[in-house]
Structures are given as C-alpha cells and as structure tokens.
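All figures in this text were calculated on a predicted structure; none of them were measured in a lab.
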Amino acid sequence: MMIWSGAMFEWPAITAVCSASMVGVAIPGANFVAIANRALRSSRLQALGMSCGFAVVNSLWAVIGILGAGTAVAHHAWLGLALQMAGCTYLIWFGARLLLRPASLPPPGTPSGHDASAFRQGVALNITNPKSLLFYCAFLSNLVPAAANAPTVALMVLAVGGCAVLWYGSLGWLLSRPGVALRLGRHLGRINAGCGVLLMAAGLFELMNR
C-alpha cells in the first residue's frame with residue numbers, strides 16, 4: 001500500500017527512538033539482573049521468553065508515551081517526582097531481593113517453570129518497574145514529532161520492542177551457553193550480592209538527591 005512506502009516514514013525520528021531505546025535497555029538495571037538469573041538458572045528458551053515479556057511492556061509504555069503521557073509528566077511536576085520516587089523504591093526493593101537469593105544454582109533436574117511462565121514473569125517484572133515507565137513516557141516521547149504519521153509511530157513501537165528482544169535475548173543466549181553458565185554459576189551468589197548492593201545504592205543515591 002502507498003501509505004507504507006518509504007517516503008511516509010520519518011527516518012530521523014525513527015532512528016533517534018531506536019538509538020534511545022538501545023541505550024535504555026543496555027543500561028544495567030533490574031531487568032538486566034533478572035534476565036541473567038533466568039538464563040543461568042533455567043534455559044535459553046526461558047530467557048528468550050522473559051525478554052519477549054520485557055519487550056511487550058516496553059512497547060506498551062512507548063505507545064502510552066507517544067499518546068501524550070510524556071506531556072502530562074512535563075506539565076505536572078508532582079507526577080514526574082512520584083514516578084522517580086517509585087523508581088528509587090523499586091531499585092532498593094529489587095536489590096534487597098537479590099541479597100536474599102540462594103547463593104548457588106539449583107541442582108540439575110530441578111524444575112524451573114516453563115516458557116510461558118518466563119514470559120509472564122518478564123511482563124510482571126517490567127510492568128512494576130516505574131523507571132521503565134518514566135523513561136518511555138518522559139524521555140522517549142520527546143523524540144516523537146508532534147505530527148508523526150501512523151506508519152512512523154507503528155515502526156517506532158516495533159523498534160522499541162525489537163530493541164528489547166535483541167538486547168535481552170542476546171544476553172540470555174550468551175549467558176545460557178553451557179561453558180559461560182557453568183563458570184558464572186559458581187559465583188552467582190557473589191554476583192547477585194554485588195548487583196543488589198549497587199541497585200540499592202543507586203536507589204538511595206537518587207532518593208537523597210530529590
């Protein structure tokens with residue numbers, strides 16, 4: 001159809017959204033730790049399922065941001081502050097959970113759920129992550145032209161989801177390789193503890209600078 005021709009896409013805006021999305025998912029955080037644990041503790045397919053769950057939620061936040069949530073955050077300072085406070089609290093809570101995780105991998109043959117449960121966990125983890133919502137609604141929405149046409153918006157949303165699947169899926173694939181999983185699995189307790197301390201410190205630092 002003519003409406004989907006190359007001339008109808010606003011490529012500079014699409015490129016900007018795609019670049020920002022890649023930076024957003026590449027910054028280590030709660031999702032990074034979750035996908036690493038899933039890959040090391042279960043299977044490559046479950047890690048991919050979780051990454052798809054992350055992608056669905058990122059795409060949802062992108063749609064909400066494009067539809068005007070970013071403007072609401074910009075015009076109501078209390079809303080942006082509330083999201084930031086919630087994000088800091090989430091980091092502290094998630095970091096504390098990591099400190100309480102088992103220090104080693106489960107024994108071979110231990111049931112680890114199934115692919116659908118990994119997808120649902122990815123959705124649940126990301127939809128309760130206020131920092132993800134703040135990024136897509138407050139920052140990413142500023143990159144979308146006010147008069148962006150439907151094909152451009154659709155490709156932006158697909159790009160956001162695609163970036164999440166590409167990044168987290170690649171991490172899951174790499175960390176679930178037998179050699180990598182075996183070496184890192186021996187130090188999983190220390191890795192989780194270190195990540196937990198860093199996430200809690202980041203959350204506390206942001207809270208103290210509000």
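Sequence neighbours left out, not one pair with a member in residues 13-38 passes ring-ring contact (aromatic ring centres under 6.0 Å, His included). Evaluation of the ring-ring contact (aromatic ring centres under 6.0 Å, His included) test over residues 144-165, restricted to residues two or more places apart or in two chains, returns none. Pairs passing the side chain to side chain donor-acceptor pair (under 3.5 Å) check and including a residue from residues 156-167, sequence neighbours excluded, do not occur.
With contacts defined as side-chain heavy-atom distances shorter than 4.5 Å, the pair Val165/Phe54 does not qualify.
Here the closest non-hydrogen pair linking Tyr90 and Ala30 is CE2-CB, 3.7 Å. Here the shortest heavy-atom pairing between Val25 and Cys163 reads CG2-O, 4.1 Å. When all heavy atoms of Ser59 and Val160 are compared, the closest pair comes out as N-CG1, 4.0 Å. Taking both residues in full, the closest heavy atoms of Phe119 and Gly53 are given as CD1-N, 3.4 Å, listed atom of the first, atom of the second, then distance. Closest heavy-atom contact between Asn58 and Ser132: OD1-OG, 3.4 Å.
Residues meeting the side-chain contact (heavy atoms from CB on, under 4.5 Å) test with Ile14, sequence neighbours left out: Phe9, Trp11, Thr152, Leu155, Met156. For Asn31, the side-chain hydrogen bond (donor to acceptor under 3.5 Å, both in side chains) partners two or more places apart in sequence, or in a different chain, are Asn126. The side-chain contact (heavy atoms from CB on, under 4.5 Å) search around Val33 returns Asn37, Phe94, Leu98, Asn192, Cys195, Leu199, not counting sequence neighbours. Residues passing the side-chain contact (heavy atoms from CB on, under 4.5 Å) test with Ser51, sequence neighbours excluded: Ile35, Leu48, Tyr168.
Hydrophobic cluster membership for Val23: Ile27 (Ile, Leu, Val, Met, Phe, Trp, Tyr linked by side-chain heavy atoms under 4.5 Å, directly or transitively).
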Please tabulate, for side-chain N and O atoms in residues 170-182, each donor-acceptor pair with protein atoms closer than 3.5 Å (sequence neighbours left out).
{"residue": "Ser170", "atom": "OG", "partner": "Leu166", "partner atom": "O", "Å": "2.5"}
{"residue": "Ser176", "atom": "OG", "partner": "Arg44", "partner atom": "NE", "Å": "3.0"}
{"residue": "Ser176", "atom": "OG", "partner": "Gly172", "partner atom": "O", "Å": "2.7"}
{"residue": "Ser176", "atom": "OG", "partner": "Trp173", "partner atom": "O", "Å": "3.2"}

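By the rule that hydrophobic residues join a cluster once side-chain heavy atoms approach within less than 4.5 Å of another member, Ile92 and Leu198 end up as members of separate clusters.
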